[in-house]
Amino acid sequence: MSSVLLETLFSVFFAPIKMLFHSKFLLLALLGKKVGWGPQERSDVGLSWRQALKFHWKDTLIGLLWGTILWIVNPAFCIWLSPILISFVLSIFLSVWTSRPTAGELFKRHGIFLTPQEMDPSPEMKVLAEVLANPPLPADQDFKLALFDPWVNALHRSLLRKRGRLMPKVLKKALNAIDSKEVLSRSEIMALLRSPVMLFELHKRVWESPEDKFIEKWSKYLSRIQ
């Protein structure tokens, strides 16, 4: 119930702000000007005060001027339009505050604005939460885990957007490093983890290697994750 009430309240405050943006785009389109509607920002980086001021200073100015004139001419009508005027005046604050991750975390702690999946997670999400809470291996083994484990290797590669390129020298050094003959630098490890094609090639080489070469390492590895 509280989610519905707050959603209605936020809709009342944000509707006039969106009305101004939509009116601006329609006016520019009618005038033959180029308009654009960029993608939503879905990261956890909140809107800065500078950015909010850049986009909403006109809204705030309109709200202040319009409210002042209405209050002088007809106070009763000004009170009637107060939700719209308050929306314009507080547009900068509303945009900054609602963009902050802390606001979402606050609502989540009180059970507000939760999706059905958050209230009753699927079995897969429950397993993921348990794994993240209790990692099967320490952080220093994550690189080897991405090399040896087919599931982790496939998951990691699927999360990478760029294809990357094959670097034979780094690949050869990585194979020797697994056999404890050489040590990979941090930059080389990061290069492997950022390249799906490199990570897959190295994973394939490991699995195609003779059993006598990796049997001891595989035994230790499997004993740690079972």
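Computed from a predicted structure; not experimentally measured. Excluded from the calculations below are hydrogen atoms, water molecules and symmetry mates; all remaining heavy atoms, backbone and side chain alike, are included.
Clustering ILVMFWY residues whenever any of their side-chain heavy atoms sit less than 4.5 angstrom apart, transitively, puts L65 in the very cluster that holds W57. With hydrophobic clusters built from ILVMFWY side chains whose heavy atoms lie under 4.5 angstrom apart, F93 shares a cluster with L61. Neither L81 nor F13 shares a network with the other; the hydrophobic side chains, linked directly or stepwise wherever heavy atoms of I, L, V, M, F, W or Y lie under 4.5 Å apart, form separate groups for each. Side-chain heavy atoms closer than 4.5 Å link hydrophobic residues (I, L, V, M, F, W, Y) into clusters, and following such links, even through other members, never connects L70 to L90. L26 and F21 end up in different hydrophobic clusters when Ile, Leu, Val, Met, Phe, Trp and Tyr side chains are linked at under 4.5 Å.
S48 has its side chain within reach of Q51: a pair of non-hydrogen atoms, C-beta onward, lies under 4.5 Å apart. You'll find the side chain of L9 stays beyond 4.5 Å of the side chain of L5, heavy atoms only. Between I92 and F55, the closest side-chain pair of non-hydrogen atoms is not below 4.5 Å. For the pair F107 and L114, the minimum side-chain heavy-atom distance is 4.5 Å or more.
Legend: residues meeting side-chain hydrogen bond (donor to acceptor under 3.5 Å, both in side chains) with S95, ordered by chain and number and at least two apart, are H56.
To the nearest 0.5 angstrom, L64 atom CG is 9.5 Å from L85 atom CG. Annotation: the span from S87 atom OG to D59 atom CG amounts to 8.0 Å, rounded to 0.5 Å. Between the CG atom of L6 and the CZ atom of F113 there is a distance of 4.5 Å, given to the nearest 0.5 Å. For the atom pair NE2 (H203) and CG (L199), the distance works out to 8.5 Å, reported to the nearest 0.5 Å. For the atom pair OG of S91 and CZ of F14, the computed distance is 9.5 Å after rounding to the nearest 0.5 Å. Distance check, rounded to the nearest 0.5 Å: CG of L20 to CZ of F25 gives 11.0 Å.
The number of heavy atoms from other shown groups lying within 6.0 Å of CZ (F10) is above 12. By the 6.0 Å contact criterion, CH2 on W49 is enclosed, its count of non-hydrogen atoms from other residues, nucleotides or ligands being greater than 12.
Shortest non-hydrogen contact noted between A103 and W97 is CB-O, 3.4 Å. Scanning both residues, G63 and F88, for their nearest heavy atoms gives CA-CB, 3.6 Å.
Using a cutoff of 4.0 Å between basic side-chain nitrogens and carboxylate oxygens, K204 and E201 are scored as salt-bridged.
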**Request:** List the steps, then state whether side-chain hydrogen bond (donor to acceptor under 3.5 Å, both in side chains) holds for T102 with E105.
**Result:** CA-CA 5 Å; T102 51; E105 293 171 358; over 6 Å; no

